[in-house]
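These notes concern the structure reproduced below.
A note on names: the letters A, B, ... follow the listed sequences, proteins ahead of strands, and every chain is numbered from 1.
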2 protein chains.
Amino acid sequence: MVTLTEENYIKAIYHLGKYGANNVSTNAIAKEMETKASSVTDMVKKLSEKSYVDYKKYQGVTLTNKGKEVAVNIVRKHRLWEVFLVEKLNFSWDEVHEVAEHLEHIKSKKLISQLDAFLGFPTHDPHGDPIPDKTGKIKKIDKILLSEAEIGDNCICVGVQDSSSDFLKYLDKNDIALGTALKVCHREPFDNSITIKIKTKELIISNMIANNLFVKLS
Amino acid sequence: MVTLTEENYIKAIYHLGKYGANNVSTNAIAKEMETKASSVTDMVKKLSEKSYVDYKKYQGVTLTNKGKEVAVNIVRKHRLWEVFLVEKLNFSWDEVHEVAEHLEHIKSKKLISQLDAFLGFPTHDPHGDPIPDKTGKIKKIDKILLSEAEIGDNCICVGVQDSSSDFLKYLDKNDIALGTALKVCHREPFDNSITIKIKTKELIISNMIANNLFVKLS
DNA sequence: AATAATTTTTAGATTAGTCTAAAAATTATT
DNA sequence: AATAATTTTTAGACTAATCTAAAAATTATT
């Protein structure tokens, strides 16, 4: 059996390991989990004994297949619950994360498969992140950061890099949602801010914003 | 903050205290929680310090108002989730309890108020038990045990005393559900079994069954 | 290559919740 | 009312997860 705490560590390691295929460091995990490095060492030993991770002293960890399976399943549950909260319970996209953090740990195969069906087998969560299917397969879409788009490109918003409440509220305020079409009009060389056009309205967006918004070319 | 374990103890004390207004004994709690009496004593001291219960050594416990508030809130959440599972996710009434045991501990005011609205503010769970409203009020209906009904009474099923899987499956198998109309035809003096009529079909029911099925006279 | 800075691990302590075994209190029985 | 049976509490130990402070290993810098 995998405890709640173990699940959270496995999830953290999964997220940290996703970009940069190498080992995940003790300190990185400690930061992500908001705990101390010594606690991480202890837990990592335990996860290693239970073969959720491969671990060599001072060398960081990587998830085993068994660990990955656990991680992907939590991600699946998290994202399905997020869809439920937004679609059925009228949560806004900046409110769902915290509640889903708890719901994701409920262990019931039937609950999740029925929820999945009830929601119409959604493929993406409210932030545009893909929902792994029941076998753990994740279909990735070819998205780019808005900051990487060229002047003149017509784009559609498909996701966010950062899903902090502040960022999502900024997008709401400026009528940017998933599915919103926009055109890149101008890039200011000094600060890399860009001017975009949504419908007829022009909007200037800082580089930091553009760096956290995924789009696909249309 | 009240921990998950504390919540479960409070809930157990609530259920045990409901019938028989006196103090709940350590052993009764131990049995309900499937744990040892010594563990209960420890926990009961802690709950007393946090003023969820009144406790005097060797005298058992009763919930304080603060404790009752916690208990009723858990019951509300538990029953709302049960409705959700049956109405929206096609669970049968004998499958919901276990999953609801976990869902009931999710702490989010908004989640529950939105869920309540989404379900259409249900007043009873799938077993006929009343759902406390957000202020904690429980409206009780005047139900009697089927075993207490008189020969010739026309009744409608409104709830179950026992909600074990075996009992609920028995009811399913015999086409007895909440809302089912039935008539009490005969009582066998020897074993107190009764003959009931559902639509045109007669069925003999043991006293034990009749003792676990709530009906109202119609 | 030696030293400094950083990261990681170890050692030992702490808290929540549990347990066993023994002691104390209550309740039942003669 | 004394003894027996039962219930409840205490004392001390255990596990999971955490922490602090110090030691060990790694990485960076001179």
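Computed from coordinates, the L4(B) CG to dT18(C) C1' distance equals 15 Å when rounded to whole Å. As a whole-Å value, the separation of L47(A) CG from dT9(C) P is 13 Å. Regarding M43(B), its CE atom lies at a distance of 14 Å from the C1' atom of dC19(C), rounded to whole Å. What separates CD1 of I29(B) from P of dT18(C) is a distance of 12 Å, to the nearest Å. When the P atom of dT20(D) is taken as reference, atom CG of D42(A) falls 13 Å away, rounded to whole Å. Here the P atom of nucleotide dA16(C) and the CD atom of E6(B) are 9 Å apart, to the nearest Å.
Contact annotation: K45(A) side-chain N/O to dT10(C) OP1/OP2 distance is under 4.0 Å.
With rounding to the nearest 0.5 Å, the separation of CD in E104(B) from NZ in K107(B) is 9.5 Å.
A donor and an acceptor atom, one from each side chain of H105(A) and E7(A), are located under 3.5 Å apart. A donor atom on one side chain and an acceptor atom on the other are not found under 3.5 Å apart for D166(A) and S164(A).
For Y9(A), taking side-chain heavy atoms from C-beta onward, the closest of the listed nucleotides dT18(D), dT9(D), dT20(D) is dT18(D). When each of dC19(C), dT9(C), dC19(D) is scored by its nearest atom to the side-chain atoms of Y55(A), the top-ranked nucleotide is dT9(C). Each of dT7(C), dC19(C), dT10(C) was ranked by its minimum atom distance to the side chain of N27(A); first place goes to dT7(C). The side chain of T26(B) approaches dT9(D) more closely than any other nucleotide in the set dT9(D), dT18(C), dC19(D).
For the pair K88(A) and F84(B), the cation does not sit on the ring face, since its NZ or CZ is not both under 6.0 Å from the ring centre and inside 45° of the axis.
Among the heavy atoms of the strands lying under 4.0 Å from T41(B) is at least one base atom, whether or not backbone atoms are also near.
Between the side chain of Q114(A) and the backbone N or O of L89(B), at least one donor-acceptor pair lies under 3.5 Å. With hydrogens and angles ignored, the 3.5 Å screen pairs a side-chain donor or acceptor of K50(A) with a backbone N or O of M1(A).
The 12-atom threshold is exceeded at CG of D191(A), counting heavy atoms of other residues, nucleotides or ligands nearer than 6.0 Å. In I204(B), the CD1 atom is not crowded: 12 or fewer heavy atoms of neighbouring residues, nucleotides or ligands sit closer than 6.0 Å.
Listed here is the closest heavy atom pair of H102(A) and E98(A): CD2-O, 3.3 Å. When all heavy atoms are compared, the tightest approach of K36(B) to A30(B) is C-CB, 4.0 Å. Closest approach of L178(B) to G128(B), counting heavy atoms only: CD1-N, 3.2 Å. Nearest heavy atom pair, residue I176(A) against residue C157(A), reads CG2-SG, 3.6 Å.
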Mind listing the N/O atom pairs, protein and nucleotides 21-27 of chain C, below 3.5 Å?
unit_1: dA25(C); atom_1: O4'; unit_2: Y58(B); atom_2: OH; d: 3.4

Protein-nucleotides 3-5 of chain C N/O pairs under 3.5 Å:
none

Pairing annotation in dot-bracket form, given for DNA chain C with Watson-Crick or G-U pairs under 3.5 Å and | for cross-strand partners: ||||||||||||||||||||||||||||||
